[in-house]
**Q** 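Handing you a structure now.
Heavy-atom basis, side chains included; hydrogens, waters and symmetry copies ignored.
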Amino acid sequence: MFKGGLPLQEGAFLLKVSKERLLAVVVPGENEEAVGLSREELRRVMEEEGIVHGVLPEPVAHSSGGLCVAQGLAPIHGEDSKVKMHVKPAVVRSPKVKDPERDQVDFRELGSIVNVDKGRLLLEIIPPTPGTSGKDIFGAEIPPKPGKERKLKCGPGVTLSSNERKVFADCDGKFVMVDGRPSVYEEHVVNGDIDMSVGNIAFGGKLLVVHGEVPPGFSLKCRGDIIIDQGVHNSLVMAGGNLTVAGSVVGEETVLRARGDVEIAFMENGPSVEAGGNLLIRESSIQCQGLVGGNFYARGKGVV
């Protein structure tokens, strides 16, 4: 009926309705005589055609060049579910391939460290909204599109709530997002030396592994155990558990502290060692300071 417009005043004007039935406008017709728009005829025609909602008290100019005489209410579509972060996760780098042939990835090494305690609320899913209905100019209700539910996939070290909307840390460790999956890792691995790209480390998990050395000026702290494959030189290393250094411990500014046992290949030139448990020297210890809560052991041939 409104495809080409409904004639008004013998074709002087046309009443048009938008495809969505949300807008009614009056535009000039083919009659070239200058005539004014009859409000009474417009009102009568609109009532006859059932245009009853959103009728404007006075026509207003419209961008189409005509006059808007009725405007419906568009529906407000629902919003999709959202993720609310209670803890900002680490900014992760691309995973490093551990074994190219097997395409294995060591996710423990990903990103910087954001420490979380067991039971910490990490994030939650805010439910989607249903939206709000609209109404066209004929008074018919226009249903909204409801928001979509987002399914969350989790990695290791986390627990979902019973309603699957909240994610909690299942252990002490570092919180990272890997491919959109929240994960908490109890171990942190550095595949190489500690340098400026790595920086000082404070890790709340159970194990910190450094496959390299700790050069002067850096500090390593871990709530659990620390394993260093090479040496420590004029740096601070503190472990809440056991501490193992497979290489040399050298320098007057070197301080090693552990609540558990400490095992070192050899020490020299003034380092200080504090062990809450036992202290084991595999080769030699020369010009060092030690405070040992347990026993002191020396293995193999060497000098103390």
Side-chain angles (χ1 to χ4, degrees), residues 1-89 121-155 158 160-168 177-182:
M1 184 181 299
F2 290 94
K3 186 174 182 180
L6 193 66
L8 296 174
Q9 298 175 228
E10 298 181 351
F13 298 94
L14 293 175
L15 177 62
K16 291 187 174 183
V17 174
S18 65
K19 183 179 179 180
E20 298 80 11
R21 298 160 59 100
L22 289 172
L23 189 69
V25 295
V26 173
V27 297
E30 297 180 355
N31 191 341
E32 297 181 356
E33 296 182 8
V35 295
L37 177 63
S38 171
R39 308 296 174 80
E40 292 183 2
E41 182 174 347
L42 173 63
R43 188 180 301 108
R44 177 183 60 78
V45 171
M46 291 174 63
E47 290 178 355
E48 290 178 353
E49 298 300 328
I51 300 176
V52 295
H53 179 73
V55 177
L56 303 179
E58 291 291 334
V60 296
H62 190 260
S63 59
S64 64
L67 295 174
C68 177
V69 294
Q71 188 166 7
L73 180 65
I76 300 175
H77 299 306
E79 295 183 355
D80 295 343
S81 58
K82 299 178 180 179
V83 176
K84 179 181 179 181
M85 305 300 301
H86 289 272
V87 179
K88 186 178 180 181
L121 175 61
L122 303 175
L123 58 89
E124 65 178 310
I125 302 296
I126 305 301
T129 59
T132 305
S133 298
K135 186 177 289 188
D136 66 22
I137 59 176
F138 298 97
E141 182 177 331
I142 306 175
K145 294 180 180 179
K148 296 180 180 179
E149 182 70 70
R150 174 172 179 171
K151 295 295 183 180
L152 184 66
K153 295 182 179 180
C154 295
V158 299
L160 271 173
S161 62
S162 58
N163 63 1
E164 298 187 348
R165 293 202 177 276
K166 293 184 178 181
V167 178
F168 297 89
M177 295 289 287
V178 181
D179 297 330
R181 299 184 180 189

**Q** I need the minimum non-hydrogen distance between Val27 and Gly66, along with the two atoms involved.
**A** CG1-CA, 4.0 Å
**Q** I'd like to know if Glu47 and Arg43 make a salt bridge, using a cut-off of under 4.0 Å between side-chain N and carboxylate O.
**A** no
**Q** Mind checking the CG-CZ spacing from Leu42 to Phe13? Nearest 0.5 Å is all I need.
**A** 10.0 Å
**Q** Looking at Gln9, is its backbone amide N or carbonyl O close enough to the side chain of Glu41 to form a donor-acceptor pair, meaning the two atoms are under 3.5 Å apart?
**A** yes
**Q** Is any side-chain heavy atom of Val167 closer than 4.5 Å to one of Cys154?
**A** yes
**Q** Please lay out, stage by stage, how Arg150 and Val83 fare under the test side chain to side chain contact (heavy atoms under 4.5 Å, CB included).
**A** CA-CA 9 Å; Arg150 174 172 179 171; Val83 176; 3.4 Å; yes
**Q** How far does NZ of Lys166 sit from CG of Leu160, to the nearest 0.5 angstrom?
**A** 12.5 Å
**Q** Taking all atoms of both residues into account, what is the closest heavy-atom pair of Ala70 and Ile51, and its distance?
**A** CB-CG2, 3.9 Å
**Q** When rounded to the nearest 0.5 angstrom, what is the spacing between CZ in Arg44 and CZ in Arg39?
**A** 16.0 Å
**Q** What donor-acceptor contacts under 3.5 angstrom involve side-chain atoms of residues 121-146, with partners at least two apart or in another chain?
**A**
from: Glu124; atom 1: OE2; to: His86; atom 2: NE2; distance (Å): 2.8
from: Thr129; atom 1: OG1; to: Glu79; atom 2: N; distance (Å): 2.6
from: Ser133; atom 1: OG; to: Glu141; atom 2: OE2; distance (Å): 2.9
from: Asp136; atom 1: OD1; to: Phe138; atom 2: N; distance (Å): 2.9
from: Asp136; atom 1: OD1; to: Gly139; atom 2: N; distance (Å): 3.0
from: Asp136; atom 1: OD1; to: Ala140; atom 2: N; distance (Å): 2.8
from: Asp136; atom 1: OD2; to: Arg21; atom 2: NE; distance (Å): 3.2

**Q** Quick one: CG on Leu6 to CG on Leu14, what's the gap to the nearest 0.5 Å?
**A** 8.0 Å
**Q** Can you confirm whether Glu48 is buried at CD, in the sense that more than 12 heavy atoms of other residues, nucleotides or ligands lie under 6.0 Å from that atom?
**A** yes
**Q** How close do Cys68 and Val25 get, counting heavy atoms only, and between which atoms?
**A** CA-CG1, 4.0 Å
**Q** Applying side chain to side chain donor-acceptor pair (under 3.5 Å), can you list everything that pairs with His62, at least two apart in sequence or on another chain?
**A** Ser64
**Q** With side chains defined as the heavy atoms from C-beta onward, is the minimum distance between Val69 and Leu15 less than 4.5 Å?
**A** yes
**Q** With rounding to the nearest 0.5 angstrom, report the CD to NZ distance, Glu164 to Lys151.
**A** 6.0 Å
**Q** Closest heavy-atom contact between Gly180 and Pro182?
**A** O-CD, 3.7 Å
